[in-house]
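Accompanying notes for the structure given below.
Each ligand, and each atom within it, is numbered from 1 in the order the structure gives.
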Amino acid sequence: MIHIDLPEDVKMILNILRSSGYEAYAVGGCVRDCLLGKLPKDWDVTTSALPLDVKRLFPRTVDTGIKHGTVTVLVKNEGYEVTTYRVDGKYTDGRHPENVSFTASLDEDLKRRDFTINALVYNEESGIKDLFGGIEDLDNKIIRCVGIPEERFDEDALRILRAVRFSAQLGFDIEEKTYLAAKKLKNKLALVSAERIKTEIDKTLMSVNPGHINLLTAMGLDKIIFPEIEKADQSFLKTALEVSACELSVRWALVCYAAETGAGEECFSTLTLNILHRLKFDNKTKDKTVLFVKTIQSGLPGDAGEDIRIRSRRLVNRLGWENTDDYLSFLEAVSIAKGNGTTEVYGLKKEIEGIRERKECTSLKELAVNGKDLIECGFCSGTELGKTLDFLLEKVLIDPKTNQRDELLGIAGSYEQPESD
Ligand code: ATP
Ligand code: MG
């Protein structure tokens, strides 16, 4: 019998449920990950106990999704989702089951689960229960639907993207019938909310095989969820994703850049914004992704004849230190995937390292004078002040040695505002 080393808290939860006369098992991702020798992110429990019974048995619980049978049991600072065996009602809109009903049958509960490898349960008394050949599929590295794939994707099209996501996270293939059904039912993805779609794509991009994002195009799913990437160069995108840092904005910037380049866009276009808006990105990730795509498209700031060190400072100024390392990773990935190698990017990295080590000023924040200093010296506040500070920063970007209070005040004194137009 296969043995899984359950964490003490999970053992305790299973024991309390079982000694109170209910069935209880660890279920889903945690069992799958243990069998793969991976550390599960979280532990879920499936039980014959009804939500109110679960609440009665444990002192600290949260009603996470009580309508769907889920109660979170808190032990110390950890939460464990305990869900009552359930059967999903009819899906009328391809989004949510109209209703769920609780059942006393574990088998019924397992039938509603998406893939064979996610329909495994375990407890110490019964060992693994594997109704649909999940262990064999784990051994063969296969993602296969529980039941008839067309029906399962028709019920909930998000499962199509979950198949892609698990294939990327686990490095598995999607079994043929499952694959064909996913392609066939791709239009159903139009019913899935942007948030759920984004979560799955994020997980795919952040996985160990982010290049599996190619499956979206290979299966024609991109037409429904983001047609902008249809023309992206797939082999460029795969290589770039696989050599890049595992950071969400970097990876999304690669997707958007590949989309823009594939569409022949050399200047920033609405294409990236369309993707980011449709998928309801948070502002921080959106801004960073846009910054990266725009910056690579406009090239290293400064004139072609200008010293690389000055241009590197201009680049850091544009990006901010907080984004610089990620941008360099993005740039390096693009360069490798284009077959241009790393020499140029390494040169830039070295320059930027030097700027960091020498603590050279690359932003208004680091300038040796601020607006208050200028006002004290008789400058008027307002837009002119901002222009003067920008002028001083420009001087300092060209020559960092000028970043001294007195010197800058002197320069500011002789600064003549250009005629406003
Ligand atoms: P992860 O490691 O990402 O948490 P997971 O397999 O635990 O992977 P969850 O989204 O946490 O995935 O879901 C827990 C379990 O619930 C799954 O293993 C699966 O059995 C079931 N499940 C989740 N989403 C669906 C769905 N859309 N359709 C059917 N079953 C699902
Ligand atoms: Mg999980």
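- Summarising the contacts of atom 31 (C) of ligand 1 with Val31, Ile160, Asp44, Asp114, the nearest heavy atom is found in Asp114.
- In summary, the atoms of ligand 1 found under 4.0 Å from a heavy atom of Arg165, numbered by their order in the structure, are 1 (P), 3 (O), 8 (O).
- Judged by the shortest distance from any of its heavy atoms, Phe115 lies outside the 4.0 Å radius around the atoms of ligand 1.
- Remark: the Tyr80 side chain and the Asp9 side chain contain an N/O donor-acceptor pair separated by less than 3.5 Å.
- Within ligand 1, the atoms closer than 4.0 Å to a non-hydrogen atom of Arg112 are 29 (C), 30 (N), numbered from 1 in the order shown.
- Only the side chain of Arg162 comes within 4.0 Å of ligand 1, judged by heavy-atom distances.
- Heavy-atom separations between Arg152 and ligand 1 are all 4.0 Å or longer.
- Residue Phe166 touches ligand 1 through its side chain alone, judged by heavy-atom distances below 4.0 Å.
- Listed by number with element, the atoms of ligand 1 under 4.0 Å from a non-hydrogen atom of Asp156 are 26 (C), 27 (N).
- A salt bridge is absent between Lys111 and Asp109: the closest approach of a Lys/Arg side-chain nitrogen to an acidic carboxylate oxygen does not fall below 4.0 angstrom.
- Using a cutoff of 4.0 Å between basic side-chain nitrogens and carboxylate oxygens, Arg356 and Glu360 are not scored as salt-bridged.
- Taking a cutoff of 4.0 Å between a charged side-chain nitrogen and a carboxylate oxygen, Lys41 and Asp33 do not qualify as a salt bridge.
- A heavy-atom separation below 4.0 Å is not found between Leu158 and ligand 1.
- Aromatic rings of Phe292 and Trp252 (six-membered ring for Trp) have centroids beyond the 6.0 Å cut-off, not under it.
- Of all atoms in ligand 1, listed by their number and element, those nearer than 4.0 Å to a heavy atom of Gly28 are 18 (O).
- For the 3.5 Å distance criterion, the side chains of Thr295 and Arg318 qualify, holding a donor opposite an acceptor.
- Counting the atoms of ligand 1 from 1 in the order shown, those under 4.0 Å from a heavy atom of Arg113 are 15 (C), 16 (O), 19 (C), 20 (O), 21 (C), 29 (C), 30 (N).
- Contact check for Glu125 versus Leu14: no side-chain heavy atoms found under the 4.5 Å cut-off.
- Atoms of ligand 1 found under 4.0 Å from any heavy atom of Arg159, numbered from 1 in the order shown, are 26 (C), 27 (N), 28 (N), 29 (C).
- In this structure, Lys129 is not positioned above the aromatic face of Tyr122 in the sense of NZ or CZ being under 6.0 Å from the six-membered ring centre and within 45° of the axis.
- Residue Gln169 places no N or O, backbone or side chain, under 3.5 Å from any N or O of ligand 1.
- Interface atoms of ligand 1 facing Lys41, defined by a heavy-atom separation under 4.0 Å, are 1 (P), 2 (O), 3 (O), 4 (O).
- Looking at Glu247 and Lys288, a side-chain N of the basic residue comes within less than 4.0 Å of a carboxylate O on the acidic one, giving a salt bridge.
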